[in-house]
A.B. asks: 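Quick one: this structure, given as C-alpha cells, is what I'll be asking you about.
Order of the sequence lines sets the chain letters (A, B, ...), proteins ahead of strands, with each chain counted from 1. Please read these numbers as outputs of a predicted model, since none were measured by experiment.
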Amino acid sequence: DTAVSQTPKYLVTQMGNDKSIKCEQNLGHDTMYWYKQDSKKFLKIMFSYNNKELIINETVPNRFSPKSPDKAHLNLHINSLELGDSAVYFCASSHPWDGYTFGSGTRLTVV
Amino acid sequence: GENVEQHPSTLSVQEGDSAVIKCTYSDSASNYFPWYKQELGKRPQLIIDIRSNVGEKKDQRIAVTLNKTAKHFSLHITETQPEDSAVYFCAASENTNAGKSTFGDGTTLTVKP
C-alpha cells in the first residue's frame with residue numbers, strides 16, 4: 001500500500017501547455033510539500049500545506065498553483081509551461097518536526 | 001532563511017572503507033537534521049535523523065553527529081558496500097507547523113568493489 005503516491009510518473013508536453021500533477025498520502029500526516037529537483041539534483045521547496053492551509057510559498061512563478069482539497073491530497077497545476085520547468089517534481093508529507101516521506105516523483109519534460 | 005552547505009559534492013571510496021559527509025547550517029533555530037539517500041531514478045528516503053538535544057545517533061553502519069555550537073552535522077558510513085552508492089542529502093528544519101526542510105546540494109557517493 002503506497003504511502004505517498006504521485007501521478008503521472010512521466011509527463012512530456014509542449015511549451016505553453018497547462019498540466020497537473022496529483023499527490024495523495026495515506027499516512028495521516030498534516031503537512032504536505034512540493035519540491036523541485038533540477039538536473040543538478042538540487043532539491044528546492046516550492047510549497048508547503050498544513051491541514052489544507054498554505055504555509056510556505058517560496059519564490060515560485062505564479063504559473064504554479066497548488067491546491068489541497070483535503071489534508072491527504074496536494075495537487076500542482078502549472079500554466080503556460082516553459083522549457084525551464086523541466087525537472088522532477090516530488091510530493092512529500094510529514095508529521096511536524098519529522099522526516100519526509102516522498103512520492104516517487106514526476107519527471108516533467110517540456111519540449 | 002536557512003542555508004545548508006554540504007561537502008564534498010562527490011566522494012569515491014573502496015568497498016569496506018568509511019565515508020564521511022559534512023554539512024553546516026546557518027539558522028540557530030534549526031533543531032531537526034535528517035539525512036536522505038536517493039538511488040538513481042528513485043525517491044529520496046530517510047535513512048537517519050538527529051534532533052538538537054542529542055549529539056550522536058547510530059543505526060548499524062550509519063551514524064550522525066551534531067555540533068550545535070559550530071552549527072555542523074555529519075554522516076558517517078562504515079564498512080561501505082556497493083549498494084551504499086547513491087546521492088546523500090542532509091537537511092535542516094525548525095520545529096514549526098511549516099516543517100520546512102532546507103536541503104544541502106547532495107553528495108554523490110560511489111563505492112568501488
A.B. asks: Determine whether more than 12 heavy atoms belonging to other residues, nucleotides or ligands lie under 6.0 Å from atom CG of A:L83.
C.D. replies: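 Counting neighbours around CG of A:L83, more than 12 heavy atoms of other residues, nucleotides or ligands fall under 6.0 Å, so yes.
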
A.B. asks: Less than 4.5 Å to any heavy atom of chain B: does that hold for the side chain of A:Q6, its backbone, both, or neither?
C.D. replies: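 No part of A:Q6 comes within 4.5 Å of chain B.
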
A.B. asks: Any side-chain heavy-atom pair from B:K42 and A:F102 closer than 4.5 angstrom?
C.D. replies: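 Answer no - side chains too far apart.
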
A.B. asks: Once you round to the nearest 0.5 Å, how far does CD1 of A:I45 lie from OG of B:S101?
C.D. replies: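 That separation rounds to 8.0 Å.
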
A.B. asks: Hydrophobic cluster membership, with links at side-chain heavy-atom distances under 4.5 Å among I/L/V/M/F/W/Y: are A:L54 and A:L76 in one?
C.D. replies: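 Linked within one cluster.
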
A.B. asks: How close do A:G103 and B:R43 get, counting heavy atoms only, and between which atoms?
C.D. replies: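 Smallest interatomic distance, heavy atoms only, reads O-CB, 3.2 Å.
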
A.B. asks: Quick check: are there more than 12 heavy atoms from other residues, nucleotides or ligands sitting under 6.0 Å from CD of B:E83?
C.D. replies: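 Yes - once you tally the heavy atoms of other residues, nucleotides and ligands closer than 6.0 Å, there are more than 12.
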
A.B. asks: Spell out, yes or no, whether B:F89 and B:I21 are grouped together once hydrophobic residues are joined by side-chain heavy atoms under 4.5 Å, including indirect joins.
C.D. replies: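 No, B:F89 does not connect to B:I21 through the hydrophobic network.
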
A.B. asks: According to a hydrophobic-cluster definition based on side-chain heavy atoms being under 4.5 Å apart (Ile, Leu, Val, Met, Phe, Trp, Tyr only), do A:V60 and A:I78 belong together?
C.D. replies: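 A:V60 and A:I78: one cluster.
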
A.B. asks: Please look at A:E53 and chain B and tell me whether the side chain, the backbone, both or neither of the residue comes under 4.5 angstrom of a heavy atom of that chain.
C.D. replies: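 Looking at A:E53, nothing touches chain B.
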
A.B. asks: Do A:S48 and B:K100 have side chains that approach each other closer than 4.5 Å (heavy atoms only, starting at C-beta)?
C.D. replies: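 No - every pair of side-chain heavy atoms lies 4.5 Å or more apart.
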
A.B. asks: Measure from the side-chain N and O atoms of A:Y100 to the backbone N and O of B:P44, and report whether any donor-acceptor pair falls under 3.5 Å.
C.D. replies: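 No, because the side chain of A:Y100 does not come within donor-acceptor range (under 3.5 Å) of the backbone of B:P44.
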
A.B. asks: Establish whether A:I56 and A:V4 are linked, either directly or via other cluster members, by ILVMFWY side-chain heavy-atom contacts under 4.5 Å.
C.D. replies: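 They do not share one cluster, since no chain of ILVMFWY contacts under 4.5 Å joins A:I56 to A:V4.
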
A.B. asks: Please determine whether residues A:F64 and A:L11 belong to a single hydrophobic cluster, defined as Ile, Leu, Val, Met, Phe, Trp and Tyr linked transitively by side-chain heavy-atom distances below 4.5 Å.
C.D. replies: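 In one cluster: yes.
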
A.B. asks: Report yes or no: does B:Y32 contribute a side-chain atom to a donor-acceptor pair with the main-chain N or O of A:G99 at less than 3.5 Å?
C.D. replies: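 Looks like yes, one N/O pair under 3.5 Å.
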
A.B. asks: Report, as yes or no, whether the 6.0 Å neighbourhood of atom NZ on A:K22 holds more than 12 heavy atoms from other residues, nucleotides or ligands.
C.D. replies: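 No - once you tally the heavy atoms of other residues, nucleotides and ligands closer than 6.0 Å, there are 12 at most.
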
A.B. asks: Quick one: does B:F103's side chain get under 4.5 Å of A:K41's, heavy atoms only?
C.D. replies: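 Contact flag for B:F103/A:K41 side chains = no.
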
A.B. asks: Just verifying a value: how many Å separate B:L46 CG and A:D98 CG, rounded to the nearest 0.5 Å?
C.D. replies: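 The CG atom of A:D98 is 7.5 Å from CG of B:L46, to the nearest 0.5 Å.
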
A.B. asks: Given heavy-atom pairs under 4.5 angstrom as the criterion, report whether the side chain, backbone, both or neither of A:V88 touches chain B.
C.D. replies: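 It is neither, since no heavy atom gets under 4.5 Å.
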
